Amino acid sequence: MRVRFILYRRYCTSNAIFSNSQISRYARLGQIENARMVFDEMPERTTVSWNSMIAGYFQNNQPGEARKMFDRMQLRNLVSWNGLISGYIKNGMVSEARKVFDSMPERNVVSWTSMVRGYVQEGKISEAESLFWQMPGKNVVSWTVMLGGLIQDGRVDEARRFYDLMPEKDVVARTNMIGGYFQAGRLAEAREIFDEMPRRNVVTWTTMISGYVQNQRVDVARKLFEVMPEKNEVSWTAMLMGYTQCGRITEASELFRAMPVKSVVACNAMILGYGHNGEVEEARQVFDNMREKDDQTWSAMIKVYERKGLELEALKLFTLMQREGVRPNFPSLISLLSVCGSLATLDHGTQIHAQLVRNQFDLDVYVASVLITMYVKCGNLVKAKQVFDRFGERDVVMWNSIITGYAQHGLGEEALQVFQKMCSLGIPPDDITFIGVLSACSYSGKVEQGHEIFGTMKSKYQVEPGTAHYACMVDLLGRAGQVKQAMDLIEKMPVEADAIVWGALLGACRTHMKLDLAEVAAKKLIQLEPHNAGHYILLSNMYASKGRWHEVADLRKTMGAKSITKSPGCSWIEVEHKVHMFTWGETTGHPEHVMIMRMLERLGVLLREAGYCPDSSFVLHDVDEEEKVQSLGYHSEKLAIAYGLLKVPQGMPIRVMKNLRVCGDCHSAIKLIAKVTGREIIVRDANRFHHFKDGLCSCRDYW
DNA sequence: GACTAAAATT
């Protein structure tokens with residue numbers, strides 16, 4: 001009888017234990033609903049069941065639900081109270097945790113340690129310290145938590161003194177100290193602790209690996225990696241990132257292939273590594289082979305496409321990511337925000353802005369600058385200015401973002417005003433500031449003022465002019481018609497002229513039809529950027545216009561031999577949160593094809609009535625021969641504008657983006673379209689913004 | 001059953 005009773009009891013208990021572990025497992029997997037189901041179906045719940053369920057809600061970022069559960073439970077023990085504290089801390093609610101800490105009936109070392117950990121996490125190290133010294137019965141964990149706080153605060157020497165004070169040191173404490181020394185770049189001291197350790201584990205070895213990697217000693221790291229007794233995912237990943245971060249992609253991809261388990265972090269690093277090396281297909285292969293992806297996987301792959309200039313692919317993936325319901329976290333939000341800038345998808349960008357505000361991430365200076373840049377690149381200067389104005393403590397980067405923004409939009413006067421305000425507030429401008437200011441002068445035709453600022457850069461602001469500043473000056477002179485002086489300036493430059501400088505000269509030649517000098521510039525550009533198809537096409541068009549067919553043929557051959565292809569021209573427009581992409585020629589793929597064609601026809605009629613005649617003499621624009629032959633009416637930007645006229649409500653500007661430069665014919669056509677339809681049209685091409693309004697463009701026909 | 005250390009594009 002007695003035996004049977006014991007067996008029965010054991011059955012019930014094991015049943016509860018089983019359910020409790022199921023609750024924890026489901027919570028770990030993020031399936032909190034399943035955990036709740038198990039909990040609700042249990043015939044008898046123990047305190048552990050309640051505690052596991054509360055921990056589960058905290059793990060799944062539902063502190064409110066966790067608290068409800070805690071308030072409902074009857075038999076709370078110390079572990080339940082401690083769970084509440086650590087749960088709040090995991091969710092970043094340290095002051096809430098402190099309230100619990102102050103009101104709980106009794107505390108033990110875990111309660112105290114959690115609370116110290118909370119302050120460390122918030123960066124409030126002095127709070128943590130005072131609590132630590134008040135703590136009764138500190139154990140090795142408490143000491144280690146405090147040690148971590150001092151290290152995080154960058155106080156290595158103090159941390160070492162603290163470390164020496166510790167009554168006992170275990171593997172974790174020692175490993176922590178090693179990490180601290182590596183962070184401070186003190187490799188010898190880190191190594192000393194490692195060498196003297198009585199016991200080491202995988203984490204210790206991995207700390208060594210990543211420590212050496214962070215201090216640019218990849219080969220030393222590799223040696224340790226070879227001899228470490230046991231490796232896990234993290235060790236492999238740390239080693240892999242050592243290679244990807246310093247651009248040693250061959251070694252990285254060898255290691256990656258050898259990895260027994262490819263962690264998500266490792267795959268993400270490999271994608272970015274390949275991308276940095278321009279190997280887009282390899283990156284995509286890694287992406288496609290991943291069984292599990294996180295938000296950073298998506299943003300990494302999108303970034304790779306964007307960097308390579310494959311906007312279409314980037315956008316496709318962006319859309320797919322949203323459709324899959326991937327929720328980006330802070331790092332990927334930032335990354336995606338800059339992608340939104342490059343792709344000029346204002347709606348996506350605004351959505352991300354809203355998400356940042358919801359999480360209060362927008363209060364960061366850095367984030368604010370990225371936001372401003374995004375709005376500038378999306379052609380919404382009003383929003384850019386709003387973000388700028390609402391922010392109190394601005395740094396140089398933020399001032400630069402808004403100055404450069406005005407400059408890119410051709411608002412020279414405004415840019416200069418902001419620059420003056422910045423100077424009067426005593427913020428020292430840097431090299432980027434001057435790029436913005438000089439190009440602003442150039443846009444607004446302030447030749448003299450530009451010269452003056454350029455002259456005082458070094459003497460007044462201690463900023464040495466670089467190639468970019470010279471490029472601005474060449475542009476400035478070129479716009480003013482002083483092409484000869486621009487060429488002289490290039491010859492007098494103390495630094496070697498780069499593609500941007502020659503590009504600026506070419507721009508000047510284009511406007512003032514200086515074909516000889518243009519040829520010099522174009523040849524230089526090909527030399528400097530042999531893979532940029534635009535330069536070849538430009539030079540080829542120039543030769544063709546002079547009937548120099550031999551040279552044309554030669555150039556084509558060179559292009560073929562080097563397998564240089566022009567990225568296809570495409571334009572896109574955002575309508576109702578969706579991106580509509582148009583490539584040159586046709587719209588048959590678009591569901592509203594017929595409407596668009598009808599709109600184009602109507603525009604054609606309107607334009608002819610307004611006295612428009614097609615201009616095919618854009619020799620100095622990098623358009624292909626084929627494109628020239630094709631009807632001028634079907635360039636991708638015109639298709640996008642036609643669609644915009646159909647869809648964008650009256651009074652709202654039509655924003656169109658193009659991956660190449662707008663051709664001369666389209667430019668004059670769009671000016672007229674803006675006039676006859678009474679609409680504002682904003683076109684961002686590869687170089688700058690064009691605000692078309694009342695038959696005029698903000699670039700003053702110079703781009 | 002609760003508290004500590006290692007990998008992650010701005």
Side-chain angles (χ1 to χ4, degrees), chain A residues 16-17 20-21 23-24 46-55 58 77-87 89-90 108-118 120 135 138-149 151-152 170-180 182 200-211 213-214 231-242 244-245 263-269 271-273 275-276 294-304 306-307 329-339 361 364 366-367 369-370 373:
Chain A
I17 290 175
N20 290 341
S21 69
I23 292 175
S24 305
T46 62
T47 307
V48 178
S49 325
W50 285 86
N51 289 349
S52 306
M53 201 57 226
I54 291 170
F58 274 125
N77 58 15
L78 188 52
V79 176
S80 325
W81 284 95
N82 286 343
L84 202 59
I85 294 187
S86 69
I89 286 168
K90 275 185 198 126
N108 68 0
V109 61
V110 176
S111 340
W112 282 88
T113 306
S114 298
M115 210 53 238
V116 173
R117 165 74 207 162
V120 167
M135 183 192 313
K138 310 170 182 67
N139 65 12
V140 65
V141 178
S142 331
W143 280 87
T144 309
V145 168
M146 196 57 241
L147 178 71
I151 289 171
Q152 188 190 294
D170 62 2
V171 202
V172 178
R174 287 171 207 267
T175 305
N176 217 335
M177 196 63 236
I178 292 177
F182 271 121
R200 304 171 185 128
N201 62 17
V202 209
V203 180
T204 316
W205 283 91
T206 309
T207 304
M208 292 300 288
I209 305 278
S210 67
V213 161
Q214 273 155 18
K231 303 178 181 77
N232 65 12
E233 268 179 52
V234 181
S235 339
W236 281 90
T237 308
M239 192 61 240
L240 178 81
M241 293 186 61
T244 56
Q245 271 164 9
S263 67
V264 178
V265 178
C267 293
N268 294 355
I271 290 174
L272 284 172
H276 218 75
D294 66 4
D295 60 318
Q296 296 206 34
T297 312
W298 289 85
S299 64
M301 195 62 229
I302 292 170
K303 192 100 195 155
V304 168
E306 179 236 337
R307 231 183 254 155
N329 290 313
F330 183 68
S332 28
L333 277 175
I334 295 291
S335 171
L336 289 174
L337 205 56
S338 69
V339 173
F361 288 145
D364 190 282
Y366 175 76
V367 175
S369 294
V370 180
T373 309

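Only heavy atoms go into these numbers, but all of them, side chains included; no hydrogens, no water, no symmetry mates. Throughout, a chain's letter reflects where its sequence line sits, starting with A, and its residues are numbered from 1. Here the structure is a predicted model, which is why all the values come from computation and not from measurement.
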For this session: Enter the distance from A:Arg200:CZ to A:Thr175:OG1 here, rounded to the nearest 0.5 Å.
Result: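 Taking CZ in A:Arg200 and OG1 in A:Thr175, the distance rounds to 10.0 Å.
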For this session: Starting at OG of A:Ser86, measure out to CZ of A:Arg117 and round the result to the nearest 0.5 Å.
Result: 11.5 Å
Given atom [atom1] of [X] and atom [atom2] of [N], what is their separation to the nearest angstrom?
| X | N | atom1 | atom2 | result |
| --- | --- | --- | --- | --- |
| A:Ile334 | B:dT9 | CD1 | C1' | 11 Å |
| A:Asn77 | B:dA2 | CG | C1' | 9 Å |
| A:Asn139 | B:dC3 | CG | C1' | 8 Å |
| A:Gln152 | B:dT4 | CD | P | 13 Å |
| A:Met135 | B:dT4 | CE | P | 12 Å |
| A:Leu78 | B:dG1 | CG | P | 15 Å |
| A:Ile85 | B:dG1 | CD1 | P | 20 Å |

For this session: Going by the side chain to side chain contact (heavy atoms under 4.5 Å, CB included) test, name the single residue among A:Asn232, A:Val234, A:Thr207 that passes it with A:Val202.
Result: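 With A:Val202 as partner, A:Asn232, A:Val234, A:Thr207 yield a single side chain to side chain contact (heavy atoms under 4.5 Å, CB included), made by A:Asn232.
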Exercise. With a 4.0 Å cut-off on heavy atoms, is A:Asn20 in touch with a base, just the backbone sugar-phosphate, or nothing at all?
Worked result: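 Contact class for A:Asn20: none.
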Exercise. With a non-hydrogen cut-off below 4.0 angstrom, is A:Lys231 in contact with a base, only sugar-phosphate, or nothing?
Worked result: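 Nothing, no nucleic acid heavy atom in range.
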Exercise. Does A:Lys90 make a side-chain N or O approach to OP1 or OP2 of B:dC3 shorter than 4.0 Å?
Worked result: yes
Exercise. Are A:Met135 and A:Thr113 side-chain neighbours, meaning at least one heavy-atom pair lies under 4.5 Å?
Worked result: yes
For this session: For residues A:Val116 and A:Met146, determine if any side-chain heavy atom of one lies less than 4.5 Å from a side-chain heavy atom of the other.
Result: yes
Would you tabulate the pairs of protein nitrogen or oxygen atoms and nucleotide nitrogen or oxygen atoms of nucleotides 5-8 of chain B closer than 3.5 angstrom?
residue: B:dA5; atom: N1; partner: A:Asn201; partner atom: ND2; Å: 2.9
residue: B:dA6; atom: O4'; partner: A:Thr207; partner atom: OG1; Å: 3.3
residue: B:dA6; atom: N1; partner: A:Asn232; partner atom: ND2; Å: 3.1

Problem set entry | Stepwise side-chain hydrogen bond (donor to acceptor under 3.5 Å, both in side chains) test for A:Asn329 and A:Asp294 | CA-CA 10 Å; A:Asn329 290 313; A:Asp294 66 4; over 6 Å; no
